[in-house]
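Hydrogens, waters and symmetry mates are skipped; everything else that's a heavy atom, side chains included, is used. Below, chain A is the first sequence line, B the second, and so on; all start at residue 1.
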There are 2 protein chains.
Amino acid sequence: MFSAVGAAAACGFSLFDGRAPSGVRRCPLYLLVCIVGAMDTRERLVQSTRELLWERGYVGTSPKAIQERSGAGQGSMYHHFRGKPDLALAAIGRSAEELRDRAEAEFTGPGTAVERVSGYLRRERDALRGCPVGRLTQDPDVMADAELRRPVEETFAWLTDRLAGLLAEARASGELDAALDPASTAAALVAVLQGGYVLARAAGSAEAYTRAVDGALRLLAGHVR
Amino acid sequence: MFSAVGAAAACGFSLFDGRAPSGVRRCPLYLLVCIVGAMDTRERLVQSTRELLWERGYVGTSPKAIQERSGAGQGSMYHHFRGKPDLALAAIGRSAEELRDRAEAEFTGPGTAVERVSGYLRRERDALRGCPVGRLTQDPDVMADAELRRPVEETFAWLTDRLAGLLAEARASGELDAALDPASTAAALVAVLQGGYVLARAAGSAEAYTRAVDGALRLLAGHVR
DNA sequence: GTCTATAAATTGATAGAC
DNA sequence: GTCTATCAATTTATAGAC
């Protein structure tokens, strides 16, 4: 039976957090479908799985929990997906795609290269929830499965490379100290984000995240001309 | 029945990784006990739980797995501990204690304050295994339990504070730029460590960890006089 | 202290009706 | 496409013998 609650949750989530297949997000029909609450079963399963993977990880997410949150029955789930790994693959791919899209929007926005890097780091984030993609690196079953692991690996390789490119650009334009190494600096900045989530969750406060990012940007500021 | 394999694994682990109750580690009797393989059941249970929490997290660690790895039976486990949360509390406390002891040894070692901070960051670590304490922040069941969470929170608060103290010391002695903020810089450095583990696991290579630490130390170097 | 027996609930799926 | 029934294995214990 259709679950209005499940659909509304998955839908509201998608709408307000911008989570939807790339390209589809700006489609008026998609918005309408969300508002009406008629997101199809397959999509609700994917969204619910994304939420649960984010909150509880792969090991902590049961098919039963996915079914309850999505409002789909046992039969529906196994009709649309072969099982838990198959569902996780769809969910992880979607989360990776969204992280990339949102970062890219920041990177190609206005401002100097350093401003865009700072903007990305300072962007509003729900620090206590952590990173939906980075979180998966702590899941042994995800890391042990080459297919589940690939999107995680690719996301961080892309992100670090993209930031290194912006830093190289800033260095070339004389915005940044010529002695600074773009690759290792980019790695440090991505690490501060991921580690900031750890500190925030440990402290039980998003402030710890902000402080770490702040410290990193002040360190970087010393190398800006 | 006594399990030589379980004992040897837990023991070898303790010996070579320096995992043992603080103070006990340097006791000749403790070494003898380890070599003979006569670590008591309670201790083997704690060590096995520590390993499993590190590898698979709280949700991914079953009492059955703990019993198998420690070589202890069902009855033994429930004789020494009330259940899984009780065992986890002992294991987490031990891991937190050890992290702190090892860090403190680095912080009170030789060299200038900045050298000791760099030394701590560059210290050899098994990056692909991640941080036994930081890992727990991703475990919803650990974070939801105030008792299990406290050692995690305290460990990071202590570590960040301790690093901030060293940076303040370096600033006071003129070793470090007076404009640098010790608290946020310390938070950034701890975040780089924790995030470095995420990058290493995502890339499947410890090099990603080293690169992030390297980037952070180069950024810091720009503020050293 | 350690062992075996037992058990209620959950996990991750398959089978087949509708 | 969705539903219910069923199932073997695992989880997290408790009880009580030795």
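The backbone N or O of A/Arg129 lies less than 3.5 Å from a partner atom in the side chain of A/Trp54, making a donor-acceptor pair. Of the possible polar contacts, none joining the A/Asp139 side chain to the A/Val142 backbone as a donor-acceptor pair under 3.5 Å is found.
The closest side-chain donor-acceptor pair between A/Gln47 and A/Arg44, if any, does not fall under 3.5 angstrom. Side-chain contact of B/Ser95 with B/Arg50: a donor-acceptor pair under 3.5 Å is present, judged by distance alone. For A/Gln194 and B/Gln194, the side-chain atoms include no donor-acceptor pair closer than 3.5 Å.
With distances taken from any side-chain atom of B/Lys84 to the nucleotides D/dT12, C/dT2, C/dT11, the minimum falls on D/dT12. Closest to the side chain of A/Gln74, out of C/dT10, C/dT14, D/dT2, is C/dT14. Of the candidate nucleotides C/dT2, C/dG12, D/dT2, C/dT2 has the atom lying nearest to any side-chain atom of B/His80. Listed candidates were D/dT14, C/dT14, D/dT2. Nearest to the side chain of B/Tyr78 is D/dT14. In this structure, the nucleotide among D/dG1, C/dA13, D/dT12 sitting nearest to the side chain of B/Ser62 is D/dT12.
Atom-to-atom, CZ of B/Arg44 to C1' of C/dG1 comes out at 12 Å; the value is rounded to the nearest Å. A/Lys64 places its NZ atom 19 Å from the P atom of D/dT10, with the value rounded to the nearest Å. The CD-P distance, from A/Gln67 to C/dT11, rounds to 10 Å in whole Å. The CG-P distance, from A/Asp141 to C/dT11, rounds to 15 Å in whole Å. Taking atom CG on A/Asp86 and atom C1' on C/dG12, their separation rounds to 14 Å, with Å as the unit. A/His79 has its NE2 atom 15 Å from the C1' atom of C/dG16, to the nearest Å. For the pair A/Glu68 CD and C/dT11 C1', the interatomic distance rounds to 12 Å; values are reported in whole Å. Remark: C1' of C/dT2 and CZ of B/Phe81 are 15 Å apart, rounded to the nearest angstrom.
Distances shorter than 4.0 Å separate some side-chain N or O of B/Thr41 from OP1 or OP2 on C/dT2.
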